[in-house]
Asker: 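Let me begin by handing over the structure; questions about it come next.
For the numbers below, each heavy atom of this structure counts, side chains included, while hydrogens, waters and symmetry mates do not.
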Amino acid sequence: RMSDSDPSAPAPAHAGPAASPPVSRLALTALGFNIPCFLPPFTLIAALLGVVAWIRIARAPTRLRGAPIAIAAVVLGAALTALGTSYWWPAARLMIAGPQDAVVAASDRDFAAFRREFIGPGAIADDDRISRFADLLLARHGRLLRARRDFTEGEATQSGEVWTVPYRLEFERGHAVALVDITTRDPATGSATLKISAIRVRGEPPIEFPPPRESPTLPAP
């Protein structure tokens, strides 16, 4: 009778340690979307994908791992979205609406808000000059309702660090075209910026800020 154990037979293989579950690809993708820092569309997507990855890992911990990566993507994405929005939104609004915030602030006599939209002489203009600019626009056109990029007036033109962009200004009594100089670099510090340096509202005569030496006067009552 054969023995139950055959010394010549190979020893049975012992099972190795269980393989670790793979890292969630979605968690890695979520973290990768944070690479274009301060760009809210990407960082917001990163936070949302991180939440989804976190939920999937929590539901199947034996099949997926990478919860710390998913959590990092959520936290980093949320923080960068908040920072990016505060940085990029004013610039995006300026490119879309041009001088709208500045003109409305001048009409409301909020001179500090008006100056914050400017760089150069406009940023340090006194209240009387700003008030005069607002009075000229109000006398000719009424209050500004909205401003939008005017593509019918051609493309924006560049001269050094200044872009001249046409905008259509919708007033209570019609509309006008304004050529707005937007400066992309602060000449004093050399840092990147996006601020208005001049506004020229077409008309006879044009209404400009900062005003030229021979500035127009209000019409007689």
Asker: Taking the side chain as everything from C-beta on, heavy atoms only, tell me whether F171 gets closer than 4.5 Å to L145.
Answerer: no

Asker: On a heavy-atom basis, which atom in R109 and which in A134 lie closest, and how many Å separate them?
Answerer: NH1-CB, 3.6 Å

Asker: Examine distances only and state if a side-chain atom of S197 and a backbone atom of I119 form a donor-acceptor pair shorter than 3.5 Å.
Answerer: no

Asker: Tell me, with the steps shown, if F209 and V201 meet side chain to side chain contact (heavy atoms under 4.5 Å, CB included).
Answerer: CA-CA 9 Å; F209 193 91; V201 182; over 6 Å; no

Asker: Can you tell if the side chain of P99 reaches within under 4.5 Å of the side chain of L94, non-hydrogen atoms only?
Answerer: no

Asker: Count I, L, V, M, F, W, Y as connected when their side-chain heavy atoms are under 4.5 Å apart, and connections chain through other members. Are L31 and L28 then in the same cluster?
Answerer: yes

Asker: Measuring from atom CZ of F33 to atom CG of L48, what distance do you get when rounded to the nearest 0.5 angstrom?
Answerer: 10.5 Å

Asker: Let me confirm one number: the CZ-CZ distance from R56 to R25, rounded to the nearest 0.5 Å.
Answerer: 13.0 Å

Asker: Hydrophobic clusters here meaning ILVMFWY residues chained together by side-chain heavy-atom distances under 4.5 Å, can you tell me if L26 and L44 are in one?
Answerer: no

Asker: Taking all heavy atoms of S20 and all of R65, pick out the closest pair and write down the distance.
Answerer: CB-NE, 4.0 Å

Asker: For D127 and R115: C-alpha separation, side-chain torsions, deciding distance, then whether salt bridge (charged side-chain N to carboxylate O under 4.0 Å, His left out) applies.
Answerer: CA-CA 10 Å; D127 293 354; R115 282 188 282 266; 2.9 Å; yes

Asker: For P166 versus G154, what's the shortest heavy-atom pair and its separation?
Answerer: CG-O, 3.8 Å

Asker: Just one of S24, P68, P21 clears the side chain to side chain contact (heavy atoms under 4.5 Å, CB included) bar with I57, so which one?
Answerer: S24

Asker: Got a sec: does the CZ of R173 have more than 12 other heavy atoms crowding it under 6.0 Å?
Answerer: yes

Asker: Report the C-alpha distance between R185 and S191 in whole Å, list the side-chain angles of each, state the deciding distance to 0.1 Å, and finish with yes or no for side chain to side chain contact (heavy atoms under 4.5 Å, CB included).
Answerer: CA-CA 6 Å; R185 188 169 299 279; S191 59; 5.8 Å; no

Asker: Please report the shortest heavy-atom distance between A47 and A78, naming the atom on each side.
Answerer: CB-N, 4.0 Å

Asker: Does any part of the side chain of L179, heavy atoms only, come nearer than 4.5 Å to the side chain of E153, both counted from C-beta?
Answerer: no

Asker: Quick one: does R148's side chain get under 4.5 Å of I96's, heavy atoms only?
Answerer: yes

Asker: Between the side chains of R168 and H175, is a donor N or O closer than 3.5 angstrom to an acceptor N or O?
Answerer: yes

Asker: Please name the pair of heavy atoms, one in A147 and one in A97, separated by the smallest distance, quoted to 0.1 Å.
Answerer: CB-O, 3.2 Å

Asker: Roughly how far, to the nearest 0.5 Å, is the OG1 atom of T43 from the CG atom of N34?
Answerer: 6.5 Å

Asker: State yes or no: do I69 and V51 share one hydrophobic cluster built from I, L, V, M, F, W and Y residues joined by side-chain heavy-atom distances below 4.5 Å, directly or via other members?
Answerer: no

Asker: Answer yes or no: are there more than 12 heavy-atom neighbours, outside F111 itself, under 6.0 Å from its atom CZ?
Answerer: yes

Asker: Are any of the side-chain heavy atoms of V177 and L169 separated by less than 4.5 Å?
Answerer: no

Asker: Is T157 close to W163 at the side-chain level, that is, under 4.5 Å between some pair of heavy atoms?
Answerer: no

Asker: To the nearest 0.5 Å, how far apart are CD1 in I207 and CZ in F133?
Answerer: 7.0 Å

Asker: Closer than 3.5 angstrom, by distance alone: can the side chain of Q158 be matched with the main-chain N or O of G160 as a donor-acceptor pair?
Answerer: yes

Asker: First locate atom CD1 of I130, then atom OG of S107, and finally report the distance between them rounded to the nearest 0.5 Å.
Answerer: 11.5 Å

Asker: For F151, does the six-membered ring have the charged nitrogen or CZ of R149 within the cation-pi criterion, i.e. under 6.0 angstrom from the centroid and within 45° of the normal?
Answerer: yes

Asker: Do other residues, nucleotides or ligands put more than 12 heavy atoms under 6.0 Å from E155 CD?
Answerer: no

Asker: Verify the distance criterion only: is there a donor paired with an acceptor across the side chains of D181 and T164 at less than 3.5 Å?
Answerer: yes

Asker: Taking R132 first and then D126, would you say they form a salt bridge - that is, a charged N and a carboxylate O separated by under 4.0 Å?
Answerer: no

Asker: Please examine the side chains of Q100 and L144, heavy atoms only from C-beta on, and report whether any two atoms are closer than 4.5 Å.
Answerer: yes

Asker: Can I55 be reached from L64 by stepping across I, L, V, M, F, W or Y side chains whose heavy atoms are under 4.5 Å apart?
Answerer: no

Asker: Taking a hydrophobic cluster as the set of Ile, Leu, Val, Met, Phe, Trp and Tyr residues connected by side-chain heavy atoms closer than 4.5 Å, whether directly or through intermediates, do W54 and V23 fall within one such cluster?
Answerer: no

Asker: Go through F118 and I199 one step at a time and tell me if the side chain to side chain contact (heavy atoms under 4.5 Å, CB included) criterion holds.
Answerer: CA-CA 10 Å; F118 274 80; I199 301 173; 3.7 Å; yes

Asker: Establish, from distance only, whether the side-chain atoms of E161 and T183 form a donor-acceptor pair under 3.5 Å.
Answerer: no

Asker: Counting C-beta onward and ignoring hydrogens, is there a side-chain heavy-atom pair between I182 and K195 closer than 4.5 Å?
Answerer: no

Asker: Looking only at heavy atoms, which two atoms of P210 and P121 are closest? And how far apart?
Answerer: CG-CB, 4.1 Å

Asker: How long is the span from the CZ atom in R200 to the CZ atom in R202, to the nearest 0.5 Å?
Answerer: 9.5 Å

Asker: Going through the distances and angles, do R143 and D108 end up as a salt bridge (charged side-chain N to carboxylate O under 4.0 Å, His left out)?
Answerer: CA-CA 10 Å; R143 289 188 63 86; D108 292 340; 2.9 Å; yes

